[in-house]
Amino acid sequence: MASLGLSEREQAGCRELLEFLETEELMALTDTVTNRLVHPESRQEAIHAILVYSQNVEEVLKRRKVYREIIFKYLAAQGIPVPPSSEKHLLIDRVKQYWNGQLTTRSSESGERKPHAKSHGERQKSPQDDIHDLGGEFCQWFFELLNSQHPLGLKSEERWGPQHFWEDARMKFCYNTFEKNMEEYVGAEMVSLRLLSLVKEEYLLFNPNLHANGLKCAASQHGLVLVAVAGTVHRDNTCLGIFEQIFGLISCPVRENTWKIKVVNLKIVGQNALEPGMQIEKPSIKYELNQLQELYDGKELTVFEPQKF
């Protein structure tokens, strides 16, 4: 039976959306909504309490813990197209329209989303299309969140931190300005902090090229999704050079539709170190898909030198 103000469809939608929250944030939201009167012992109990103690959909979606990025991810998972820069209140409107049956979803969905029946007359996507869609969504989310940590950046409601990485995550960071340098980090905390320092302390901003050859994705036979992206690096109003970043993503077995970062390989090349004729406007990934798959064989995930630009 639906709680006051929420239809059965709205309750089902809220349950799906709230599953995108981290457990810690979900429990904190339950405390706020129930005024600490309910002490759930599981995620399902927490979600149930939130719905029972909420009068309407907006009361749920406007909560501070229900970040803009959470609503964006939910809409993307349902195949509802929205501009990445949309403000939270606009995303809430889209969700309400979807739950009221005023929007139709895309017939094909990416690899990290739930399976969806193909509509008649629609071309079925190949597995490679699905992986590419997943990579594009991941990069959009990752760089928006990372850049939001810049002191002058547009703040994100979602938290940056080690929770987005596997505990044994590894990072290799190569940078070439006047001379070549290489750093390596192990562990979710160390990898997270090093990436954060690039933006928060060194004031860098990353502008990924998610079109044409700027993004390439592949899947290894061990289930690792490889996402390679190229782009430009900026500080203030100056373009400092280009970057190439390769992520190894593994699906979280206890949280549906969630991928965490296992491996990060980042290479930054300053303008003064670029090869003659290199186009800085549209950096591209030089790897072919089969080369990406070969880089990660499931045994030595990070032992390779990033490809020369």
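Excluded from the calculations below are hydrogen atoms, water molecules and symmetry mates; all remaining heavy atoms, backbone and side chain alike, are included.
Looking only at distances, no side-chain donor or acceptor of N209 sits under 3.5 Å from a matching main-chain atom of T232. A donor-acceptor pair under 3.5 Å links the side-chain atoms of Q149 to the main chain of L145, judged by distance alone.
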Any chance you could lay out the side-chain contact (heavy atoms from CB on, under 4.5 Å) test for L249 and I261, step after step, and finish with the verdict?
CA-CA 5 Å; L249 308 179; I261 302 168; 3.8 Å; yes
Determine whether L195 and W160 satisfy the following criterion, side-chain contact (heavy atoms from CB on, under 4.5 Å), listing intermediate values before the conclusion.
CA-CA 10 Å; L195 287 168; W160 174 269; 3.8 Å; yes
Could you go through the side-chain contact (heavy atoms from CB on, under 4.5 Å) check for L75 and I71 one step at a time?
CA-CA 6 Å; L75 288 170; I71 303 176; 4.3 Å; yes
Check the pair L198, V233 against side-chain contact (heavy atoms from CB on, under 4.5 Å), reporting the backbone distance first and the verdict last.
CA-CA 11 Å; L198 292 174; V233 185; over 6 Å; no
Could you go step by step and tell me if R159 and E22 meet the salt bridge (charged side-chain N to carboxylate O under 4.0 Å, His left out) rule?
CA-CA 11 Å; R159 289 187 302 114; E22 298 283 348; over 6 Å; no
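Listed by chain and residue number, nothing satisfies the side-chain hydrogen bond (donor to acceptor under 3.5 Å, both in side chains) test with E167 (two or more places apart in sequence, or in another chain). Not counting sequence neighbours, K65 has no partner by the side-chain hydrogen bond (donor to acceptor under 3.5 Å, both in side chains) test. In terms of the side-chain hydrogen bond (donor to acceptor under 3.5 Å, both in side chains) criterion, E45 has no residue partners (sequence neighbours excluded). Annotation: side-chain contact (heavy atoms from CB on, under 4.5 Å) contacts of V38 (sequence neighbours excluded): T34, P40, A49, Y53. Judged as a side-chain hydrogen bond (donor to acceptor under 3.5 Å, both in side chains), and not counting sequence neighbours, the contacts of R194 are E183, Y185, S197, E202. Legend: residues meeting side-chain contact (heavy atoms from CB on, under 4.5 Å) with K260, ordered by chain and number and at least two apart, are W166. Residues meeting the side-chain contact (heavy atoms from CB on, under 4.5 Å) test with P162, sequence neighbours left out: A188, E189, S192. In this structure N213 satisfies the side-chain contact (heavy atoms from CB on, under 4.5 Å) test together with K216, S284, sequence neighbours excluded. Residues satisfying the salt bridge (Lys or Arg N to Asp or Glu O under 4.0 Å) criterion with D168, sequence neighbours excluded, are K262. Every residue was checked against the ring-ring contact (aromatic ring centres under 6.0 Å, His included) condition with Y67, not counting sequence neighbours, and none meets it.
Minimum heavy-atom separation, A218 to I131: N-CG2, 3.9 Å. Residues S42 and M27 share a closest heavy-atom pair of O-CE, 3.6 Å. Residues G248 and L224 come closest through the heavy atom pair C-CD1, 3.9 Å. Of all the heavy atoms in W99 and R9, the pair that sits closest is O-CG, 3.4 Å. Considering every non-hydrogen atom in both R170 and V191, the closest pair reads C-CG2, 4.0 Å. Of all heavy-atom pairs spanning E59 and N56, the tightest one is N-OD1, 2.8 Å.
Heavy atoms from other residues, nucleotides or ligands lying under 6.0 Å from CD of Q97 number more than 12. With a 6.0 Å radius and a threshold of 12 heavy atoms from other residues, nucleotides or ligands, M190 has its CE atom at or below the threshold. No more than 12 heavy atoms of other residues, nucleotides or ligands shown are found within 6.0 angstrom of NE2 on H48.
Cluster annotation: L146 and L215 are assigned to the same hydrophobic cluster (Ile/Leu/Val/Met/Phe/Trp/Tyr, side-chain heavy-atom contacts under 4.5 Å, transitive). The hydrophobic clustering, which links ILVMFWY residues whose side-chain heavy atoms are closer than 4.5 Å, places L61 and I80 together. Placement of L196 and V199 within a single hydrophobic cluster is found when ILVMFWY residues are connected by side-chain heavy-atom separations under 4.5 Å, directly or transitively. Linking ILVMFWY residues whenever their side-chain heavy atoms come closer than 4.5 Å, directly or via other members, places W259 and L210 in the same cluster. L205 and F173 are assigned to two separate hydrophobic clusters, defined by single-linkage of ILVMFWY side chains at heavy-atom distances under 4.5 Å.
In this structure, F243 and F206 have perpendicular ring planes: the angle between them is above 60°, well past the 30° mark.
Of the inter-residue distances, the one linking Q245 atom CD with C139 atom SG reads 8.0 Å to the nearest 0.5 angstrom. Taking CD of Q163 as the start and CD of E158 as the end, the distance is 7.5 Å to the nearest 0.5 Å. N35 contributes atom CG, which lies 12.5 Å from atom OG1 of T30 (distance to the nearest 0.5 angstrom). Rounding to the nearest 0.5 Å places CG of L91 at 13.0 Å from NZ of K73. With values rounded to the nearest 0.5 angstrom, L266 atom CG is found 12.5 Å from K172 atom NZ. Atoms CD and OG, from E69 and S148 in turn, are 7.0 Å apart once rounded to the nearest 0.5 Å.
In summary, E19 and R43 engage in a salt bridge, as defined by a charged side-chain N under 4.0 Å from a carboxylate O.
For the ring pair (Phe, Tyr, Trp, His ring centres under 6.0 Å) with H164, the qualifying choice from F247, W141, F138 is W141, the only one to do so.
Screening residues 225-235 for salt bridge (Lys or Arg N to Asp or Glu O under 4.0 Å), with sequence neighbours left out, gives no hits. Under the salt bridge (Lys or Arg N to Asp or Glu O under 4.0 Å) criterion, the residue pairs touching residues 77-99 are E58-K96, with sequence neighbours excluded.
V229 places none of its side-chain heavy atoms less than 4.5 Å from the side chain of F142.
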